Amino acid sequence: MGIQFMVDGGADLPQGFAEKFNIKEIPLNIHFDDGVYKAGVDITTEQYYEMFNAMEDIPKTSAPSPNDFYEAFKEVDANTPILLLSLTKNLSATYQNAVIGRDMILDEEPDREIEIVNTKTASCGITLLLNEAIKMKLKSVDFHEIVNQTKQNVEKTVTLFSLKTVENLIKGGRLDKFRGTIAKTLNIKLLMKASDEGEIEVTEKIRGEKKALRRLIEQIGEYSKTLEGKTIVMSQGNCESRAQKLMNQIKEQYKQDEDYIVEMGPLVANYAGEGGIVISFLEDDQ
């Protein structure tokens with residue numbers, strides 16, 4: 001039996017991934033002064049940064065509508081089960097709108113199988129979970145088992161952030177200007193993580209970019225002694241060469257079997273800014 005995997009605009013997929021594995025994407029909306037754009041459809045990442053840098057404030061983002069999800073579900077053959085991996089519901093209305101969209105189509109076609117998983121993460125974290133689900137599908141694992149294992153993987157997913165600049169946090173109202181000015185003056189870098197409930201929390205404040213990145217690598221070991229047999233996914237905010245260098249350092253220390261570096265989409269880039277790094281991997285079994 002075939003399975004249709006879906007993600008919303010909170011996911012950042014590797015180039016060519018959607019085409020290779022037939023992944024349907026429901027994009028989020030970006031609100032600029034001159035109108036609303038669908039990320040990855042009406043606007044490229046390069047255009048996003050160009051428009052972003054010309055603004056004093058950061059653009060708003062909004063979730064796909066329930067009808068956007070309804071229409072996406074409707075395009076899938078009614079006999080094909082659907083698994084949608086959704087952006088953490090604690091940061092967006094995306095998950096709730098997906099559920100509404102599912103209920104709309106189930107009113108018309110009650111025999112459909114549509115599972116929506118709150119990933120409690122974003123960006124590369126969703127990609128990590130999707131990659132694990134795809135590997136199970138390729139091994140002909142049953143749909144319901146894939147859903148159950150994905151839900152278990154959600155609880156094991158670690159998502160860590162390193163911010164090169166606090167400018168976007170100030171613009172977005174997540175950090176007041178006074179504290180932000182001090183942070184910039186003292187060259188303070190923020191390390192953050194996705195909490196167990198899918199919210200973003202600051203874990204450490206470190207002076208200097210090199211120290212912050214070294215500490216980011218150290219943090220991996222607090223959750224997983226080795227990445228042998230595992231996958232790590234990294235999203236980068238317009239700093240690909242820097243991200244590749246960091247991934248090589250992680251490989252040297254933790255020996256991951258598989259890794260991906262993806263381009264950071266507008267949702268996370270709005271706050272992480274250029275130079276931001278996000279990494280996701282599965283922690284060791286307790």
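In this text the structure is predicted, and so the values were computed from the model without any measurement.
Counting non-hydrogen atoms of other residues, nucleotides and ligands closer than 6.0 Å to CD of Glu109 gives a total above 12. Within 6.0 Å of NZ in Lys211 there are 12 or fewer heavy atoms belonging to other residues, nucleotides or ligands. Residue Asp196 places its CG atom among 12 or fewer non-hydrogen atoms of other residues, nucleotides or ligands, all under 6.0 Å distant. For CD of Glu240, the number of neighbouring non-hydrogen atoms (other residues, nucleotides, ligands) closer than 6.0 Å is 12 at most.
Annotation: side chain of Lys210 is in contact with side chain of Arg214 (closest heavy-atom distance under 4.5 Å). Annotation: side chain of Thr159 is in contact with side chain of Ser280 (closest heavy-atom distance under 4.5 Å). Residues Val76 and Met6 are in side-chain contact: their nearest non-hydrogen atoms beyond the backbone lie under 4.5 Å apart. Thr94 places a side-chain heavy atom less than 4.5 Å from the side chain of Phe69. At a threshold of 4.5 Å between non-hydrogen side-chain atoms, the residues Gln236 and Gln244 do not count as touching. Between Met51 and Ile43, the closest side-chain pair of non-hydrogen atoms falls below 4.5 Å. Counting only heavy atoms from C-beta outward, the side chains of Val154 and Asn118 never approach each other to under 4.5 Å. Using a 4.5 Å heavy-atom threshold, the side chains of Arg242 and Ile277 count as touching.
Considering every non-hydrogen atom in both Ile116 and Ser86, the closest pair reads CG2-CB, 4.2 Å. Closest non-hydrogen pair, Arg102 versus Ile114, comes out as CD-O, 3.3 Å. The two atoms that bring Lys251 and Gln256 nearest to each other are NZ-O, 2.6 Å, heavy atoms only. Considering all non-hydrogen atoms of both residues, Phe73 and Ala98 come closest at CE1-O, 3.8 Å. The two residues His31 and Ser62 have their closest heavy-atom pair at NE2-OG, 2.7 Å. The two atoms that bring Cys239 and Gly275 nearest to each other are SG-CA, 3.7 Å, heavy atoms only.
Side-chain polar atoms of Ser123 and Ser235 form a donor-acceptor pair below 3.5 angstrom. Using modelled atom types, one finds a donor on one side chain and an acceptor on the other under 3.5 Å when comparing Asp68 with Ser65. Side-chain atoms of Asn148 and Gln152 form no donor-acceptor pair, as typed in the model, at a separation below 3.5 Å.
No path of Ile, Leu, Val, Met, Phe, Trp and Tyr side chains, each step under 4.5 Å between heavy atoms, connects Val41 with Tyr49, placing them in separate hydrophobic clusters. Follow the hydrophobic side-chain contacts under 4.5 Å out from Tyr95 and you never reach Ile126; the two are in separate clusters. Under a hydrophobic-cluster definition in which Ile, Leu, Val, Met, Phe, Trp and Tyr are linked whenever side-chain heavy atoms come within less than 4.5 Å, directly or via other members, Val7 and Met136 are assigned to the same cluster. Taken together through direct or relayed side-chain contacts under 4.5 Å among Ile, Leu, Val, Met, Phe, Trp and Tyr, Val117 and Ile134 form part of one hydrophobic cluster. A chain of hydrophobic side-chain contacts below 4.5 Å, direct or via other Ile, Leu, Val, Met, Phe, Trp or Tyr residues, connects Val147 to Leu282.
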Would you check, one step at a time, whether the test side-chain contact (heavy atoms from CB on, under 4.5 Å) holds for Phe5 with Lys137?
CA-CA 10 Å; Phe5 292 119; Lys137 178 187 176 182; 3.5 Å; yes
Can you list the steps and then say if Thr231 with Tyr260 is a side-chain contact (heavy atoms from CB on, under 4.5 Å)?
CA-CA 8 Å; Thr231 301; Tyr260 294 98; 4.3 Å; yes
Using side-chain contact (heavy atoms from CB on, under 4.5 Å), reason through Phe281 and Leu227 one step at a time and then give a plain yes or no.
CA-CA 8 Å; Phe281 54 94; Leu227 294 176; 4.1 Å; yes
Is there a side-chain contact (heavy atoms from CB on, under 4.5 Å) between Thr157 and Thr119? Walk through the geometry before answering.
CA-CA 9 Å; Thr157 297; Thr119 64; over 6 Å; no
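With hydrogens and angles ignored, the 3.5 Å screen pairs a side-chain donor or acceptor of Tyr254 with a backbone N or O of Gly221. Although no hydrogens or angles enter the test, the distance criterion places a donor-acceptor pair under 3.5 Å between the side chain of Asp12 and the main chain of Gly265. Between the side chain of Asp259 and the backbone N or O of Ile232, no donor-acceptor pair lies under 3.5 Å. Without hydrogens or angle criteria, Thr80 side chain to Ile3 main chain gives no donor-acceptor distance under 3.5 Å. With hydrogens and angles disregarded, no donor-acceptor distance shorter than 3.5 Å links the side chain of Asn153 to the backbone of Leu129.
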Pair up each side-chain donor or acceptor in residues 13-28 with any protein partner under 3.5 Å, not counting sequence neighbours, and list the distances.
unit_1: Asn22; atom_1: ND2; unit_2: Gln4; atom_2: OE1; d: 3.4
unit_1: Lys24; atom_1: NZ; unit_2: Glu75; atom_2: OE1; d: 2.6

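Salt-bridge check for Lys156 with Glu132: failed, with every basic side-chain N at 4.0 Å or more from each acidic carboxylate O.
The CG atom of Asp285 lies 9.5 Å from the OG atom of Ser224; values are rounded to the nearest 0.5 Å. In this structure, OG1 on Thr121 lies 12.0 Å from CG on Asn90, to the nearest 0.5 angstrom. We find the CD1-CD distance between Ile82 and Glu115 to be 11.0 Å, quoted to the nearest 0.5 Å. Summarising the geometry, atom CD belonging to Glu263 is positioned 5.5 Å from atom CD belonging to Glu46; distances are rounded to the nearest 0.5 Å. The CD atom of Glu283 sits 9.5 Å away from the CD atom of Glu155 when rounded to the nearest 0.5 Å. From Gln249, atom CD reaches atom CD1 of Ile217 across 4.5 Å, with rounding to the nearest 0.5 Å.
For residues 217-239, the pairs satisfying salt bridge (Lys or Arg N to Asp or Glu O under 4.0 Å) are Arg215-Glu218, Arg215-Glu222, Lys230-Asp284, with sequence neighbours left out.
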